[in-house]
Amino acid sequence: MEHSRQEERSQMVAEQLEQRGIRSARLLNAFRAVPRHLFVPADYQAEAYLDEALPLSLGQTISQPFIVGLMTSLLNLKGAERVLEVGTGSGYQAAILSRLCAQVHTIELEPRLAELASQVFQTLGYKNITVHVGDGTLGWLPEAPYEAILVTAAGAQVPQPLLEQLTLGGRLVIPLGGENGQVLEVWQRVGGQIRRNRITQVRFVPLRGKYGWSFTDWSSPDNEE
Ligand code: SAH
């Protein structure tokens, strides 16, 4: 197993996560353990531990480590959860999640990205991640409901199927907005109601699919996160 670049990871955790207020020891340990450089394209491996988002193929991006940390911390995972991620991309976020919960289901629209991520999971021996190819705005009904759902692309709205596939008490984290600005939000099912919290401004590529943006709505799918 690949354990190199441990020092860069420790530094990334200290400077980019701990110093910005991410405190959970479980979460920080997950970031120390997952070799981020194996999830970025070969051309960018040198930059893997920098404080920035990096390009993937097909105009997609792997988020900045701090944003991955922030979104993960908002899910408040204890270990027994089944988590759905929409937007597998490189697989890095799913790998972090897999160390903090029981089972990750991750859905990616682009078959090529799904395949690459699956290969990395296999190489690393991560067994509790299942990759699905398809439109994640429909959720993934066969395994629903989920205690936590994380969307890693910016939606115009919360896709209704995702709310329906959340357990009572479950949390949904999603960036909402378009190319001019997005807000990271947490939606939680409490009793019969939905509690909505706006966290911070972010920048993601567009969520596509049935309940996402259509290309005619948002014409710059290659903008940086
Ligand atoms: N979580 C990823 C980053 C994802 S970038 C990581 O850790 O690297 C956003 C991803 O969402 C892109 O790969 C894009 O192809 C995918 N995507 C966009 N709309 C989607 C949809 N409706 N269903 C599934 N994946 C989608």
Residue pair Thr152, Met71: steps toward the side chain to side chain contact (heavy atoms under 4.5 Å, CB included) verdict:
CA-CA 9 Å; Thr152 66; Met71 291 201 294; 4.1 Å; yes
Let me see the working for Gln19 and Glu15 under side chain to side chain donor-acceptor pair (under 3.5 Å), right down to the final yes or no.
CA-CA 5 Å; Gln19 284 179 26; Glu15 293 174 1; 5.6 Å; no
Starting from the C-alpha separation in whole Å, work towards a yes-or-no answer on side chain to side chain contact (heavy atoms under 4.5 Å, CB included) for Gln182 and Leu176.
CA-CA 5 Å; Gln182 303 150 14; Leu176 290 180; over 6 Å; no
I'd like to know whether Arg5 forms a side chain to side chain donor-acceptor pair (under 3.5 Å) with Tyr49, so could you lay out the CA-CA distance, the side-chain angles of the two residues, the decisive distance to 0.1 Å, and finally the verdict.
CA-CA 9 Å; Arg5 306 186 67 176; Tyr49 296 100; 5.3 Å; no
Hey, mind stepping through Leu163 and Val158 against side chain to side chain contact (heavy atoms under 4.5 Å, CB included) and telling me if it holds?
CA-CA 8 Å; Leu163 286 177; Val158 172; 3.7 Å; yes
For a salt bridge (Lys or Arg N to Asp or Glu O under 4.0 Å) check, start with the C-alpha distance between Arg23 and Glu18, then their side-chain angles and the critical distance, and finish with the verdict.
CA-CA 6 Å; Arg23 292 283 142 75; Glu18 276 186 292; over 6 Å; no
Using the rule given for side chain to side chain contact (heavy atoms under 4.5 Å, CB included), can you reason through Trp187 versus Asn197, listing the C-alpha separation, both sets of side-chain angles and the distance that settles it, and then say yes or no?
CA-CA 6 Å; Trp187 290 45; Asn197 271 306; over 6 Å; no
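Closest approach of Glu147 to Thr167, counting heavy atoms only: CA-OG1, 3.5 Å. Of all heavy-atom pairs spanning Ser73 and Leu70, the tightest one is OG-O, 2.8 Å. Residues Val202 and Pro175 approach most closely at CG2-CB, 3.9 Å, considering heavy atoms. In terms of heavy-atom proximity, Arg171 sits nearest to Leu75 at CD-O, 3.6 Å. Of all non-hydrogen atoms in Gly139 and Pro161, the two that sit nearest each other are N-CB, 4.5 Å. The two residues Arg112 and Glu115 come nearest to each other via the heavy atoms NH1-OE2, 3.1 Å.
Annotation: the span from Leu27 atom CG to Leu17 atom CG amounts to 7.5 Å, rounded to 0.5 Å. Residue Ser98 holds its OG atom at 11.5 Å from NZ of Lys127, rounded to the nearest 0.5 Å. Within the model, atoms CZ of Phe121 and CG of Leu38 stand 12.0 Å from one another, a figure rounded to the nearest 0.5 Å. In this structure, the separation between OG on Ser24 and CG on Asn76 is 9.0 Å, given to the nearest 0.5 Å. Distance check, rounded to the nearest 0.5 Å: CG of Leu74 to CD of Gln188 gives 11.0 Å. Between the CG atom in Leu116 and the CD atom in Glu110 there is a gap of 11.5 Å [rounded to 0.5 Å].
Under the 4.5 Å side-chain contact rule for hydrophobic residues, Tyr126 and Leu77 share a cluster. A single hydrophobic cluster is not seen to contain both Val104 and Leu109; linkage of ILVMFWY side chains at heavy-atom distances under 4.5 Å, directly or through other members, places them apart. Both Tyr146 and Ile194 are members of a single hydrophobic cluster when ILVMFWY side chains are connected at heavy-atom separations under 4.5 Å. Leu207 and Leu184 end up in different hydrophobic clusters when Ile, Leu, Val, Met, Phe, Trp and Tyr side chains are linked at under 4.5 Å. Criterion: ILVMFWY side-chain heavy atoms under 4.5 Å apart, direct or through other members. Under it, Ile67 and Tyr44 are part of a common hydrophobic cluster.
You'll find the side chain of Ile62 stays beyond 4.5 Å of the side chain of Pro55, heavy atoms only. Using a 4.5 Å heavy-atom threshold, the side chains of Leu172 and Val151 count as touching. In this structure, the side chains of Phe39 and Leu124 come closer than 4.5 Å at one or more pairs of heavy atoms. For the pair Ile22 and Phe31, the minimum side-chain heavy-atom distance is 4.5 Å or more. With contacts defined as side-chain heavy-atom distances shorter than 4.5 Å, the pair His37/Ser4 qualifies. Taking 4.5 Å as the limit, every side-chain heavy atom of Ser90 sits out of range of all side-chain heavy atoms of Arg36. Between Val40 and Glu47 there is no side-chain heavy-atom pair separated by less than 4.5 Å. Residues Val13 and Glu8 fail the side-chain proximity criterion, which asks for heavy atoms closer than 4.5 Å.
Looking only at distances, no side-chain donor or acceptor of Glu52 sits under 3.5 Å from a matching main-chain atom of Gln64. The main-chain N or O of Leu166 is found under 3.5 Å from a side-chain atom of Arg189 such that the two form a donor-acceptor pair. Not one N or O on the side chain of Glu108 forms a donor-acceptor pair closer than 3.5 Å with the backbone of Gly134. Under a 3.5 Å cut-off, the side chain of Gln60 and the backbone N or O of Leu58 do form a donor-acceptor pair. Between the side chain of Asn128 and the main chain of Ala102, a donor-acceptor pair closer than 3.5 Å is present. Judged by distance alone, the side chain of Gln165 and the main-chain N or O of Leu138 form a donor-acceptor pair under 3.5 Å. The backbone N or O of Pro35 sits nowhere less than 3.5 Å from a side-chain atom of Tyr92 that would complete a donor-acceptor pair.
A donor-acceptor contact closer than 3.5 angstrom is absent between the side chains of Gln93 and Ser63.
Of the residues listed (Val68, Ile129, Leu150, Val34), the one engaging Leu97 in a side chain to side chain contact (heavy atoms under 4.5 Å, CB included) is Leu150, and it is the only one.
Residue Gln122 places its CD atom among 12 or fewer non-hydrogen atoms of other residues, nucleotides or ligands, all under 6.0 Å distant. Counting heavy atoms of neighbouring residues, nucleotides and ligands inside a 6.0 Å radius, atom CZ of Arg26 exceeds 12 of them.
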Which atom pairs, one a donor and one an acceptor, fall under 3.5 Å between side chains of residues 79-87 and the rest of the protein, sequence neighbours left out?
| from | atom 1 | to | atom 2 | distance (Å) |
| --- | --- | --- | --- | --- |
| Glu81 | OE1 | Lys78 | N | 3.2 |
| Glu81 | OE1 | Gly79 | N | 2.8 |
| Glu81 | OE2 | Lys78 | N | 2.7 |
| Arg82 | NH1 | Glu143 | O | 3.2 |
| Arg82 | NH1 | Pro145 | O | 2.9 |
| Arg82 | NH2 | Glu143 | O | 2.6 |
| Arg82 | NH2 | Glu143 | OE1 | 3.2 |
| Glu85 | OE1 | Thr106 | OG1 | 2.7 |

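Using cut-offs of 30° and 60° for the angle between ring planes, the His132 and His105 rings count as parallel.
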